Colleague: 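Dropping a structure here in structure tokens format, bear with me for questions.
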Amino acid sequence: MTDERPWVLHVDLDQFIAAVEILRRPELAGLPVVVGGRGDPTERAVVSTASYEAREFGIRSGMPLKTAVRKCPDAVFLPVDAPAYEEASAAVMGVLRGMPGAVVEVLGWDEAFVGVTTEDPVAYANSIRTAVFEATSLHCSVGVGDTKVRAKIATDFGKPQGVYRLTRDNWFEVMGARPTTALWGVGTRIAARLASHGYRTVEDLADADEAVLVAEFGPTMGPHYGRLGRGVSSATVDDTPWVARAHGRETTYQTNLTEPQEISAALRELAGQVVEDIRAEQRPCIRVFLKVRFAPFFTVNRGRKLAEPTYDPDVIAATAVALFTALEDERPVRLLGVRAEMVPPEGGYDSPRSTGRGGPSAQRSGTAGATDDVAPKP
DNA sequence: TCTGGGGTCCTAGGACCC
DNA sequence: TCTGGGGTCCTAGGACCC
């Protein structure tokens, strides 16, 4: 007589980027290490990952390197080396796929959902941590949940090098009093709109009037936020390989651009890089998006559908320039980006998949376990 | 303090067709 | 004279995540 049930595990590598750098430069172990941009803290760039030692100085992901160096002048600053992280990531994902009975859904370089049926999910989570460390020398934390949202959030409580279990039984006990921003998919903007209706905590949101949520956020997002408050989401881990919808390139300029000529030259450069990426996918561009960040800090996005699919960088660049011109904005430019939406693959996209995002389509993509059953609140 | 670079998805509203 | 709905395509804009 066993009690085998399906579980969602969320595996997240600890200080992944910094850890990969320290592995190949062991003399950095124990030092404050900051990885970001080109590794020059005098440039316009932000922190990708700070080691735990650097975090003790208050350095966080997303913080400008200039701020980080002020907080810890003695920190070691390293450039981002994407190929190295991709290689380490592939090794980790390979270990996960080799776990008995595991279904693996990759979310990013350093995280994945693992679906497994077991009677002891915490023991299974620990066996993942051991296997990953033995194969790669990288530490990870694992969240154990009965839904994806609960597993994802649980991981934070397990960090570093730990396992944490979050289910319908302890959801409100652990999460109920926390602000709505503690939820995966609720940022400061949504939290402010929720607060305008008096919904400030996870428990407030769980008990929210659905009609109010629908009026505020629409028929899809409104109920989605309500479910999020209860920790309810899909529990189906889907290993269908992710297929990109688009590829883009963007650059922040160390000095702002002002001349139309240098702006079109920059857009041409970005268009050329984008074409390399979409050629590799063998799917031509059907829509061009332009992203502009004007100084001091104001961002706009504009898109335009093309008359026909193309790989021609001149067409893409010309479209981007036309979108820029249509803005009729004379302010200096600090960032430009060009993004190419590609023709969908034969037969369309397999299942609407999202990376780096716990949106409602990720929730909808499976209903197993997506019931509204939650334990009574304490 | 001064805010990267890579993505995805949702909503609203206008245009157009039947 | 006044005025349908439903569907699709497109653009603008907003939000979130790693």
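All values below come from the heavy atoms of this structure, side chains included, with hydrogens, waters and symmetry mates left out. Here the structure is a predicted model, which is why all the values come from computation and not from measurement.
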Colleague: Please report the closest heavy-atom contact between A/Arg283 and A/Met342, naming both atoms and the distance.
Modeller: O-CG, 3.4 Å
Colleague: List in numerical order all residues of residues 49-72 of chain A for which some heavy atom is under 4.0 Å away from an atom belonging to DNA chain B.
Modeller: A/Pro64, A/Thr67, A/Arg70
Colleague: Specify the separation, in whole Å, of atom OH of A/Tyr225 and atom C1' of C/dC16.
Modeller: 8 Å
Colleague: Is there a side-chain hydrogen bond (donor to acceptor under 3.5 Å, both in side chains) between A/Arg44 and A/Thr252 once you walk through the steps?
Modeller: CA-CA 7 Å; A/Arg44 282 179 178 170; A/Thr252 297; over 6 Å; no
Colleague: A/Glu250 has a side chain; which of B/dT8, B/dG5, C/dC18 sits nearest to it?
Modeller: B/dG5
Colleague: Assess the side chains of A/Arg304 and A/Thr319: does a donor N or O sit below 3.5 Å from an acceptor N or O?
Modeller: no
Colleague: Other than A/Val343, which residues form its hydrophobic cluster under the rule that side-chain heavy atoms must be closer than 4.5 Å?
Modeller: A/Ile286
Colleague: I need the CD1-C1' distance between A/Ile190 and B/dC10, as an integer number of Å.
Modeller: 10 Å
Colleague: Tell me which nucleotide among B/dC10, C/dC17, B/dG5 gets nearest to the side chain of A/Lys152.
Modeller: C/dC17
Colleague: Can you tell me how far P of B/dT3 sits from CZ of A/Phe298, to the nearest Å?
Modeller: 17 Å
Colleague: Of the nucleotides C/dC10, B/dG5, C/dC18, which has the atom closest to the A/Arg287 side chain?
Modeller: C/dC10
Colleague: State whether A/Thr252 places a side-chain N or O below 4.0 Å from either non-bridging phosphate oxygen (OP1 or OP2) of B/dG5.
Modeller: yes
Colleague: Could you tell me if A/Asp312 and A/Thr310 have a donor-acceptor pair between their side chains, going purely by distance under 3.5 Å?
Modeller: no
Colleague: Taking atom P in both B/dT3 and C/dC17, compute the distance separating them and give it to the nearest angstrom.
Modeller: 22 Å
Colleague: Under 4.0 Å between a side-chain N/O of A/Arg249 and OP1 or OP2 of B/dG6, yes or no?
Modeller: yes
Colleague: Separation of A/Asn301 atom CG from C/dC16 atom C1', in whole Å?
Modeller: 14 Å
Colleague: Can you tell me if the side-chain N/O atoms of A/Ser48 get under 4.0 Å from OP1 or OP2 in C/dC18?
Modeller: no
Colleague: Name all stems that contain residues of DNA chain B, defined as runs of 3 or more consecutive Watson-Crick or G-U wobble pairs, both distances under 3.5 Å.
Modeller: B:5-18 with C:5-18
Colleague: Once you round it to whole Å, what is the distance between P of B/dG6 and CD of A/Gln273?
Modeller: 8 Å
Colleague: Is the ring pair A/Phe133/A/His139 parallel, tilted or perpendicular, if the boundaries are 30 and 60 degrees?
Modeller: parallel
Colleague: Which part of the nucleic acid, if any, lies within reach of A/Ala246 when heavy atoms closer than 4.0 Å are counted: base, sugar-phosphate only, or nothing?
Modeller: sugar-phosphate
Colleague: Using distance only, find each side-chain donor-acceptor pair of residues 71-84 of chain A under 3.5 Å and give its atom names and separation, not counting sequence neighbours.
Modeller:
{"from": "A/Asp81", "atom 1": "OD2", "to": "A/Arg24", "atom 2": "NH1", "distance (Å)": "3.0"}
{"from": "A/Asp81", "atom 1": "OD2", "to": "A/Arg24", "atom 2": "NH2", "distance (Å)": "2.9"}

Colleague: Does the ring of A/Phe297 meet both stacking tests against the six-membered base ring of B/dT3: centre distance under 5.5 Å and plane angle under 30°?
Modeller: yes
Colleague: What nucleic acid atoms does A/Gly37 come within less than 4.0 Å of, heavy atoms only: base, sugar-phosphate, or nothing?
Modeller: nothing
Colleague: Salt bridge or not between A/Asp146 and A/Arg5? Use side-chain N to carboxylate O under 4.0 Å.
Modeller: no
Colleague: Hey, is A/Asp277 close enough to A/Arg249 for a salt bridge, meaning N to O under 4.0 Å?
Modeller: yes
Colleague: Judged by each residue's nearest nucleotide on DNA chain B, which is more toward the 5′ side, A/Arg339 or A/Pro296?
Modeller: A/Pro296
Colleague: Is there a side-chain polar atom (N or O) of A/His247 under 4.0 Å from OP1 or OP2 of B/dG7?
Modeller: yes
Colleague: Using only heavy-atom distances, determine whether the side chains of A/Asp238 and A/Thr240 contain a donor-acceptor pair under 3.5 Å.
Modeller: yes
Colleague: On DNA chain B, does the nearest nucleotide to A/Ala244 precede the nearest nucleotide to A/Thr251 from the 5' side, or the other way round? Give the residue.
Modeller: A/Thr251
Colleague: Does any residue of residues 303-337 of chain A have a heavy atom under 4.0 Å from DNA chain C, and if so, which ones, in number order?
Modeller: A/Gly303, A/Arg304, A/Lys305
Colleague: Is the closest side-chain donor-acceptor distance between A/Tyr85 and A/Glu21 under 3.5 Å?
Modeller: yes
Colleague: How many whole angstroms separate atom CG of A/Leu213 from atom P of B/dC10?
Modeller: 17 Å
Colleague: Whole angstroms only, please: what is the CD1-P distance between A/Ile286 and C/dC10?
Modeller: 9 Å
Colleague: Looking at C/dC17, B/dG4, B/dC9, which one has an atom nearest to any side-chain atom of A/Arg245?
Modeller: B/dC9
Colleague: Taking atom types as modelled, is there a side-chain donor on A/Asp110 or A/Ser89 under 3.5 Å from an acceptor on the other?
Modeller: no
Colleague: Can you check the A/Phe217 CZ to B/dC9 C1' distance for me, whole Å?
Modeller: 15 Å
Colleague: Select base, sugar-phosphate, or nothing to describe what A/Val300 touches, counting heavy atoms under 4.0 Å on all strands.
Modeller: nothing
Colleague: Pairs under 3.5 angstrom only: tabulate donor-acceptor contacts from the side chains of residues 25-35 of chain A to other protein residues two or more places apart or in another chain.
Modeller:
none

